[in-house]
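Just below is one structure, and these are the notes that go with it.
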Amino acid sequence: MLSVKNIAFDSMLAAYLLDPTFRRHNLNEIALRYLGRPMRGDYLALTNGGKLNFAEVDQLQACAYSCEDAETVLELYTVLIRELKAKELWTVFNEIEMPLLPVLQKMEMAGVKVDCEKLKRISVTVEEQLTVLEKQIYTVAGEHFNISSPAQLRALLFEKLKLEPARKGKTGYSTDEAVLQQLAEKHPLPALILEYRGLLKLKNTYLEALPQLVNPETGRVHTSFNQTITATGRLSSSNPNLQNIPIRTELGGKLREAFIVEPDNLLISADYSQVELRIFAHFSRDETYLEAFAQGEDVHTATAEKIFGVAKTAVTHEMRRQAKVINFGVIYGMSFFGLASQLKISRAEAKRYLEEYFKKYAGVQKFIEELVERAKEKGYVETLFGRKRFLPDLKSANQYIFESARREAINAPIQGTAADIIKIAMINLDRRLAREKLKSRMILQIHDELLFECPESEAPRMKTIIKEEMEGVVALKAPLRVEVGIGKNWAEAH
DNA sequence: CACTAGTGCAA
DNA sequence: TATTGCACTAGTG
C-alpha cells in the first residue's frame, strides 16, 4: 500500500534527478515547477510565516486543502515519472536512488559510537593551548581584539601593523590561510593566528559539538545523509556532518580515535583507491593513465616521472606532491593560472608543467574538448550510469560564466560516476549482508569510503565481501581497487 | 531571528 | 582563474 508520504518522497528523488541543481526545499516548489500550481498545505504554512498556527486556520478549509494536496502529490508523481522516462533517467531512479533510500535509512538509524571521554580529554588540552596562544597574540599585537573576527584582524594586520599581502580579491584584503602563511615570513603574529584558528575550529566544530549530538536512546551519533542536495549525485551529510572529520593533522588523527565501536566489534574502513582518476582514465581512454593503472603503479609518481622527465627512483616527495596537484587539477578543469597559485610557482613555470602534461597524456586534451563540445550541443553531461547534469551556462556569452560551466562539465561526470559506483556498491552490500545473515552494519559513507561496524568473528568474511562487492560494481578500463583497513577506531581502520 | 561574508574541514 | 559539500563566528538588519 503506497502512502502519500512515500509518493512525496519518491517525487523528491525524481525531481532531484530531473534537475540536480534545482534548489528544492519542499514539494511546493516542485509542484509549482512541474504542475504550475502550489501545494495548499505549504501555501498555508507560507502565509503564516512558515509556521502553521491551527487556531488561525479555518479548519474546514484546511481539510479541503489536505485532500487536494493528496491528489496533487499523486498527479505530480505521475508527471515526474513520465519526465524521468522521457529524459532517460528512469534507470538511475529505479536502480540507484530508490533502492538506496532504505540503505541510507538503516545507516542513519545505526549511527556511530563516539568516545565522549576521549573527546573531553583532548578538549581540555586544546583549551590550555588556546589560553596560552591568546595571551601571546595580544602581547605581540599590542592590544586585545577578537581573533575570530576577520574584520578586526584585517584592521590590525593591514592598518596598524602595515603588513603587505600579495593582493587578493576585489573586496579588500583577505586574512585566510594562504595570506597568513605568506605574511608569517615577515612578522610573528600570523603564525600564531593560524595556530589559534586551527585549534579553535577543532574545539568548536568537533570536540564540543559531537558529544552534544549523541542520542540518549542509542548512545550514538546519528547523521543525516541527504540524498537530493548535490549537483553531481554525491550524498551530503549534516547534523552533524560526518563527511568532514579532520584527518590531515596529528590532532585530526586523535579526533578519529574517538570514533569507536561496541565491545567485541571492529571498525572496517574500505576506500576506493584513486577512483576519480580511474574514471577519468576510463572516459578519456588515455593510454598513459591506463598503462599506469594496469601496472598497478602509483599514479602520481608515474605522472611525476613523465612531467619532470626522470626515472621512477628519482621522483622526490616534492615532485610527487606537485604531480598530484596537477592530476587533481585536471579533473577540476584548473588553468595554468590556478596551478601557479596552488604550487606557488610562476605562471610561466605552471604553463610549462601543463604543456608537458598534455604532451605525455595525449588522450586527455582531446577528451576534454570533445566532452565540452558534446555538452554544449546536448545541453547536459552525464555519468557512466546516465545521471545527468544540465548546463545551460555553456552557451553563455559571458566568459566567466562559460568558464565556470566548462569546469562543471569536466568535473560532474567524473565525480558523479564515482558517486554512482559507491551507491551501487552500498545497495549490493546491503543485500549481501542480509542474504548471508551477517550482523555487520554499514554505518558511514564518505564519498569514496565506506565504514562498517562488525562483530570480531565476522571481520575476515566481511573484508572479502566488501572488497568483492565494491570492486565488482563495474569493470572500468582502469579497474576499481579497494583498500580495506580494520581497527578498534576510525584512525586505526583508515 | 534570518541572513551574508569569511574561513576552514573533508572527498 | 580547481569540483562538491557543511558548519562555525562575526556582523548586519
Side-chain angles (χ1 to χ4, degrees), chain A residues 20-21 49-51 145-154 168-180 193-194 196-210 213 223-226 228-249 251-252 255-256 271-277 280 324-343 347 350-351 354 381 389 399-416 418-419 422 444-450 490 494:
Chain A
T21 61
K51 283 185 218 88
F145 67 106
N146 186 342
I147 309 170
S148 295
S149 164
Q152 293 183 32
L153 183 61
R154 203 163 11 228
K168 266 239 134 181
K170 313 110 212 167
T171 51
Y173 294 118
S174 165
T175 67
D176 69 13
E177 189 177 352
V179 171
L180 260 42
I193 304 280
L194 281 173
Y196 180 89
R197 269 191 188 159
L199 291 175
L200 191 68
K201 167 101 182 172
L202 211 85
K203 174 166 109 69
N204 288 342
T205 310
Y206 305 103
L207 296 174
E208 299 201 332
L210 283 173
L213 289 164
T223 186
S224 295
F225 285 110
N226 313 303
T228 59
I229 296 287
T230 72
T232 55
R234 275 186 176 186
L235 300 175
S236 82
S237 157
S238 55
N239 301 307
N241 179 1
L242 293 183
Q243 291 179 324
N244 73 340
I245 302 300
I247 191 173
R248 293 175 212 286
T249 63
L251 203 52
L255 176 59
R256 288 198 173 209
D271 67 285
Y272 281 111
S273 162
Q274 309 293 357
V275 63
E276 293 195 354
L277 269 178
F280 187 62
K324 187 174 172 180
V325 170
I326 294 174
N327 275 333
F328 277 101
V330 169
I331 290 178
Y332 298 144
M334 187 169 60
S335 66
F336 72 90
F337 195 103
L339 183 64
S341 77
Q342 276 295 311
L343 291 181
R347 283 174 222 171
K351 212 167 175 175
L354 276 185
V381 289
R389 176 171 181 182
Q399 181 81 357
Y400 179 82
I401 292 177
F402 166 77
E403 293 291 349
S404 179
R406 185 178 177 278
R407 292 193 296 273
E408 289 162 359
I410 295 167
N411 182 258
I414 300 166
Q415 195 182 112
I422 197 165
L444 289 179
Q445 187 249 48
I446 308 98
H447 308 307
D448 64 358
E449 174 186 10
L450 291 176
W490 198 355
H494 187 85

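Proteins get letters first, then strands, A, B, ... in listed order; numbering begins at 1 in each.
Rounded to whole Å, the C1' atom of C/dA2 lies 24 Å from the corresponding atom of B/dT4.
Two residues are said to be in side-chain contact when any heavy atoms from C-beta on lie closer than 4.5 Å; A/I422 and A/H447 fail this criterion. Between A/F280 and A/Q274 there is no side-chain heavy-atom pair separated by less than 4.5 Å. No side-chain heavy atom of A/I446 sits under 4.5 Å from any side-chain heavy atom of A/D271.
Counting heavy-atom neighbours within 6.0 Å of A/R256 CZ, excluding the residue itself, gives a total above 12.
Between the side chain of A/R234 and the base of C/dT4, at least one donor-acceptor pair of N or O atoms lies under 3.5 Å.
In terms of phosphate contacts, A/T175 brings no side-chain nitrogen or oxygen within less than 4.0 Å of OP1 or OP2 of B/dG6. For C/dA2, the OP1/OP2 oxygens have a side-chain nitrogen or oxygen of A/S335 closer than 4.0 Å. For C/dT1, the OP1/OP2 oxygens have no side-chain nitrogen or oxygen of A/R407 closer than 4.0 Å. When the side-chain nitrogen and oxygen atoms of A/R248 are compared with OP1 and OP2 of B/dG8, none of them lie within a distance under 4.0 Å.
A/S224 places no side-chain N or O within 3.5 Å of a backbone atom of A/N239 that could act as its donor or acceptor partner. Listed for the A/R234 side chain is no donor-acceptor partner under 3.5 Å among the backbone atoms of A/Q415. Without hydrogens or angle criteria, A/N411 side chain to A/I414 main chain gives no donor-acceptor distance under 3.5 Å. For A/T232 (side chain) and A/A412 (main-chain N/O), no donor-acceptor pair under 3.5 Å exists by modelled atom type.
No engagement by A/L235 is indicated, since no non-hydrogen atom pair under 4.0 Å with the nucleic acid exists. In this structure, A/R347 reaches neither bases nor backbone, as no heavy-atom distance under 4.0 Å exists between it and the strands shown. Within the 4.0 angstrom heavy-atom criterion, no nucleotide atom of any strand lies near A/E449.
Computed from coordinates, the A/Y206 OH to B/dA10 P distance equals 7 Å when rounded to whole Å. The separation between A/R389 atom CZ and C/dT4 atom C1' is 9 Å, rounded to whole Å. Residue A/I326 contributes atom CD1, which lies 16 Å from atom C1' of C/dT1 at whole-angstrom precision. Protein atom CD of A/E177 is 10 Å distant from nucleotide atom P of B/dA10, rounded to whole Å. With rounding to whole Å, A/H447 atom NE2 is found 5 Å from B/dA11 atom C1'. The separation between A/L199 atom CG and B/dC9 atom C1' is 14 Å, rounded to whole Å. Whole-Å rounding puts the A/F225 CZ to B/dA10 P distance at 17 Å. If you measure from atom CG of A/L251 to atom C1' of B/dG8, you get 15 Å, rounded to the nearest angstrom.
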Let me have a per-nucleotide readout for nucleotides 6-13 of chain C, 5' to 3', with B, S or -, counting only protein heavy atoms under 4.0 Å.
SSSSSS--

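Within a heavy-atom distance below 4.0 Å of DNA chain C, the residues of residues 336-343 of chain A found are A/F337, A/G338, A/Q342. In the region residues 408-415 of chain A, proximity to DNA chain C at under 4.0 angstrom, judged on heavy atoms, holds for A/E408, A/N411, A/Q415.
We find the CZ-CG distance between A/F337 and A/L354 to be 13.5 Å, quoted to the nearest 0.5 Å. Here the CG-CG distance, from A/L202 to A/L255, works out to 5.5 Å after rounding to the nearest 0.5 Å. Between A/Q342 atom CD and A/Y332 atom OH the span is 10.5 Å, to the nearest 0.5 Å.
Nearest to the side-chain atoms of A/D448 among the listed nucleotides B/dA11, B/dG8, C/dT4 stands B/dA11. You'll find that the side chain of A/S174 is closest to B/dT7, out of B/dA10, C/dT4, B/dT7.
Tested against A/T175 for a side chain to side chain donor-acceptor pair (under 3.5 Å), the candidates A/R154, A/Q152, A/R197 yield a single pass: A/R197.
Defined by atom type and a distance below 3.5 Å, a donor-acceptor pair is present between the side-chain atoms of A/S238 and A/N226.
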